[in-house]
2 protein chains.
Amino acid sequence: MAGKSEARLSNLSRLWGDQTQRTRGPAPAYTCEQIADAAIELADEEGLESVSMRKVAARLGTGAMSLYRYVESKDSLIDLMGDRIVGREGWPELTGDWKRDLGDFARGQRRALLERPWLSRVWSGMPAIGPNMLRGFERTMSILDGLGLGIDDMFETIGLLNAWIDGHVQSELALRAYFGDVDDEEVQRAMGPYVQAVMDSGEYPYFTQVITDAQGPHDDPERRFERSLERLLAGIEATLPGR
Amino acid sequence: MAGKSEARLSNLSRLWGDQTQRTRGPAPAYTCEQIADAAIELADEEGLESVSMRKVAARLGTGAMSLYRYVESKDSLIDLMGDRIVGREGWPELTGDWKRDLGDFARGQRRALLERPWLSRVWSGMPAIGPNMLRGFERTMSILDGLGLGIDDMFETIGLLNAWIDGHVQSELALRAYFGDVDDEEVQRAMGPYVQAVMDSGEYPYFTQVITDAQGPHDDPERRFERSLERLLAGIEATLPGR
DNA sequence: CCTGAAGTGAGTACGATGTACGCGGTAACC
DNA sequence: GGTTACCGCGTACATCGTACTCACTTCAGG
């Protein structure tokens with residue numbers, strides 16, 4: 001674990017640009033952003049597990065080892081992907097209404113995570129915080145500023161929000177996989193019997209109820225998300241210092 | 001991605017025991033639990049990333065391919081590890097006081113996650129729900145039963161709680177790594193300059209504040225956790241149907 | 001303009017990985 | 001006792017991350 005942490009920290013120098021201006025030698029043929037984008041494309045098309053240095057390099061028309069001029073390691077590239085995505089999409093103007101702004105933030109995060117099922121695994125447990133993520137962090141913190149919360153209360157609150165979003169999207173994707181009307185009916189067909197057996201055993205009444213409920217003509221995921229979000233925001237509001 | 005899902009579902013047959021009683025041939029030399037335990041030991045000692053089929057097998061005194069009589073794939077083994085840990089530790093008797101029981105559950109989860117930093121990566125995004133996890137799910141749902149919540153409200157609530165616990169522990173571990181007085185001072189020494197540079201740039205006031213605050217003589221993590229937990233439980237209580 | 005240093009892209013090679021395949025041995029059934 | 005199903009495990013292969021190396025390109029200093 002010490003080794004992994006050590007590997008992780010060396011990524012920082014690349015993430016933060018390492019602004020020693022070049023003097024000699026040929027100009028770099030690529031940029032970190034291009035490489036990250038290629039990796040992102042690959043992950044979008046074939047999944048995160050098939051993002052390899054060779055394939056990313058091939059997509060750029062070069063060899064695997066060339067990437068190491070830009071990226072410390074594969075883990076570093078993964079971190080770069082995570083930070084790149086944060087940087088690519090613009091943030092809407094803040095309105096000043098914290099509940100609305102926080103809600104918009106949550107909606108944006110959910111959308112991003114739903115768009116790329118591999119993203120949450122990249123974002124989660126990312127000790128190497130990139131510049132884009134930090135900017136996003138600052139922005140989110142600013143939403144909570146002026147509500148009378150202490151700095152660590154603010155930190156914990158957005159931690160809570162982020163954790164919830166991630167967990168919610170995760171379960172959203174899982175439910176999709178189980179009984180999704182999405183284009184994954186092969187999964188459903190193969191998984192169904194097991195779920196059915198578990199339900200038939202009668203030992204798991206709550207699980208059974210959840211599944212049968214989810215199967216029914218339920219309100220759409222958007223509405224579920226909005227409902228939970230509202231509850232969460234209400235909880236935050238209720239525990240505000242001003243009572 | 002379809003490939004990964006397909007791989008995931010085949011794990012279920014192993015997770016659920018596949019109770020076709022054996023008839024012919026030699027008795028199996030190992031059990032799934034033994035294998036999972038060996039893998040868990042390995043992960044505890046050397047980290048999750050160095051859990052390989054060969055090393056796990058070596059720990060059992062056998063060859064890598066022998067494991068495949070018990071486990072569908074490496075991913076399946078990882079799932080097995082996750083479910084095994086849930087099954088290994090006993091749950092305390094429920095008191096009937098939902099806030100207390102839910103709090104105890106949260107404390108237990110936190111302890112388990114802190115004990116094994118690799119665990120949250122295993123638990124997160126685990127669509128293949130094992131029997132032990134399902135039993136735990138049922139138990140947690142039963143805590144919330146009788147409060148007037150609908151089944152999906154209950155589901156969402158424990159989803160929220162789980163997501164928060166995971167996120168909280170994650171940030172707890174991250175803060176430890178940055179400025180922990182734990183035995184990771186090499187990480188601190190190498191990471192410090194970057195954090196310092198970010199802080200000195202003056203562009204990230206909130207981040208700076210969080211770090212300087214965390215560095216100070218703060219109250220211990222236990223207390224932080226308890227405080228947030230209390231807040232979360234209060235939020236749940238506040239949105240109960242009975243008002 | 002020349003020379004050397006700095007920095008580039010990329011090829012080769014190595015160890016480690018997950019696992020498909022197949023073999024020989026073992027235990028229960030007919 | 002023969003058949004059959006199942007066991008443990010060795011071999012082999014594709015693929016992975018990346019250490020090392022080298023030729024080539026550019027620019028600073030003479």
Side-chain angles (χ1 to χ4, degrees), chain A residues 3-4 6-8 10-11 13-14 17-32 34-36 38-39 42-43 46-81 118 122, chain B residues 3-4 6-8 10-11 13-14 17-32 34-36 38-39 42-43 46-81 118 122:
Chain A
K4 191 166 190 182
E6 199 171 355
R8 225 60 194 280
S10 51
N11 307 349
S13 68
R14 300 295 179 154
D18 220 351
Q19 288 301 17
T20 58
Q21 72 271 24
R22 328 175 335 84
T23 51
R24 276 183 255 255
Y30 316 99
T31 65
C32 280
Q34 281 174 36
I35 295 175
L42 208 79
E46 304 180 36
L48 183 63
E49 76 280 0
S50 76
V51 171
S52 74
M53 299 306 271
R54 279 174 240 259
K55 287 191 199 157
V56 172
R59 187 168 285 256
L60 291 168
T62 180
M65 290 318 292
S66 301
L67 302 185
Y68 283 91
R69 292 274 169 205
Y70 303 86
V71 163
E72 202 75 20
S73 65
K74 187 192 177 179
D75 283 336
S76 165
L77 175 57
I78 302 287
D79 285 350
L80 219 60
M81 290 168 67
W118 50 268
V122 173
Chain B
K4 191 166 190 182
E6 200 171 355
R8 225 58 193 284
S10 50
N11 307 349
S13 68
R14 300 295 178 154
D18 220 352
Q19 288 302 19
T20 59
Q21 72 273 21
R22 327 176 337 84
T23 51
R24 277 183 256 254
Y30 315 100
T31 64
C32 280
Q34 282 173 35
I35 295 174
L42 208 80
E46 304 181 34
L48 183 64
E49 77 279 0
S50 75
V51 170
S52 75
M53 300 305 273
R54 278 173 242 259
K55 286 190 199 156
V56 173
R59 189 168 283 257
L60 291 169
T62 181
M65 291 316 292
S66 301
L67 303 185
Y68 284 90
R69 291 274 171 205
Y70 303 85
V71 163
E72 203 75 22
S73 65
K74 187 192 177 178
D75 283 336
S76 165
L77 174 57
I78 302 288
D79 285 350
L80 219 60
M81 289 167 68
W118 49 269
V122 173

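Bear in mind the structure is a predicted one, so any value in this text is a computation, not a measurement. Below, chains carry the letters A, B, ... as their sequence lines are ordered, and counting in each starts from 1.
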Could you pull out the protein-nucleic contacts involving nucleotides 18-22 of chain D (nitrogen or oxygen on both sides, under 3.5 Å)?
residue, atom, partner, partner atom, Å
dT18(D), OP2, Tyr68(A), OH, 2.7
dT18(D), OP2, Lys74(A), N, 2.9
dT18(D), O5', Tyr68(A), OH, 3.4

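Under the salt bridge (Lys or Arg N to Asp or Glu O under 4.0 Å) criterion, Arg59(B) pairs with Glu41(B), Glu45(B), not counting sequence neighbours. Residues meeting the side-chain contact (heavy atoms from CB on, under 4.5 Å) test with Met53(A), sequence neighbours left out: Ala64(A), Leu67(A), Tyr68(A), Lys74(A), Leu77(A).
Residue Tyr30(A) has its side chain nearest to dG9(C) when only dG17(D), dG9(C), dA27(C) are considered.
Within 4.0 Å (heavy atoms only), Val56(A) reaches no atom of the nucleic acid at all. Looking at heavy-atom distances under 4.0 Å, Ser66(B) makes contact with a base.
Between Lys55(A) and Ser50(A), some side-chain heavy-atom pair lies under the 4.5 Å cut-off. By the 4.5 Å heavy-atom criterion applied to side chains, Leu80(B) and Val71(B) are counted as neighbours.
Note: CG (Leu77(B)) to P (dG18(C)) measures 10 Å, nearest angstrom. For Leu67(B) and dG18(C), the CG to C1' distance is 12 Å, given to the nearest whole Å.
Between Lys55(B) and dT17(C) there is a side-chain polar atom (N or O) within less than 4.0 angstrom of OP1 or OP2.
To the nearest 0.5 Å, the span separating CE on Met81(B) from CG on Leu42(B) amounts to 8.0 Å.
One N or O on the side chain of Tyr70(B) and one on the backbone of Tyr30(B) form a donor-acceptor pair closer than 3.5 Å.
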